[in-house]
Amino acid sequence: MGRILALDYGRKRTGIAVTDPLQLIAGGLTTVRSCDLLAFLLDYTSKEEVELIIIGLPRQMNGEASESMKYITPFVGQLKSKIKIPVEFVDERFTSVLAHRAMLEGGLKKSDRQNKALVDEISATIILQSYLESKTQNRL
C-alpha cells in the first residue's frame, strides 16, 4: 500500500502532507515554492511509493470553482503528464481558517501563526485528514 500525498496549491507556495504507508495518519511534510513543486514531486515519488495525490479544490461559498483554479488546472495537467499517479480533488473550503484555529489551540506564538508556509502545510494536512475520514465513513 502506498502513501497518499495531499497538496494545498497556492500561487506562491504549496503545502504538502502525506500519510504513513498504511494510510492511517496524515502529517505535514513540507511547504515548497509552487514553481518548484513538480520537481519536488518527481523526486519524492521516485523515493517513496505514492498511491494517490489529493489536491485541495478551492470553491467559493456558492460551490463554484474559485479564481485559483486558473493556476491549479495547468499544474494538474503537467503533473498528470509527468507522474502516472491518480489525482483527486477534495473541497478545501475553510482549511486556512481551520489551520489558524489549530495553531491557536496548539499554543503557537503569534510569530509562528503568521508563518504562511506553516499555515499551508497545516492546511494540506487538514485536506488529507478530511479525505481519510470520508474514505473511512464510506466504508461503514
If you compare all heavy atoms of [X] against all heavy atoms of [Y], which two are closest, and at what distance to 0.1 Å?
X: Val50; Y: Ile85; value: O-CD1, 3.6 Å
X: Arg13; Y: Ser34; value: C-OG, 3.3 Å
X: Leu41; Y: Leu7; value: CD1-CD1, 4.0 Å
X: Gly2; Y: Gln23; value: O-NE2, 2.6 Å
X: Ala124; Y: Gly15; value: CB-O, 3.3 Å
X: Leu128; Y: Ala17; value: CD2-C, 3.8 Å

- Task: Tell me, with the steps shown, if Ile55 and Val90 meet side chain to side chain contact (heavy atoms under 4.5 Å, CB included).
- Result: CA-CA 6 Å; Ile55 300 179; Val90 171; over 6 Å; no
Can you tell me how far the [atom1] atom of [X] sits from the [atom2] atom of [Y], to the nearest 0.5 Å?
X: Thr19; Y: Met1; atom1: OG1; atom2: CE; value: 9.0 Å
X: Tyr131; Y: Ile4; atom1: OH; atom2: CD1; value: 5.0 Å
X: Glu48; Y: Asp43; atom1: CD; atom2: CG; value: 10.5 Å
X: Arg33; Y: Arg11; atom1: CZ; atom2: CZ; value: 15.0 Å

Apply the side-chain contact (heavy atoms from CB on, under 4.5 Å) test between [X] and each candidate in [options]; give the one that qualifies.
X: Phe89; options: Ile127, Ile54, Leu57; value: Leu57
X: Ile16; options: Leu29, Thr31, Thr125; value: Leu29
X: Arg3; options: Ile53, Val18, Thr45, Leu22; value: Val18

- Test item: Leu42 and Ile83 side chains (from C-beta on) under 4.5 Å apart, heavy atoms: yes
- Query: Taking side chain as C-beta onward, heavy atoms only, is Phe40 less than 4.5 Å from Thr14?
  - Reply: no
- Tell me whether the centres of the aromatic rings in Tyr9 and Phe75 are closer together than 6.0 Å. yes
- Query: So with a 6.0 Å cut-off around NZ of Lys84, is the heavy-atom count from everything else above 12?
  - Reply: yes
- Item | Linked, directly or transitively: Leu132 and Ile25 (ILVMFWY side chains, under 4.5 Å) | no
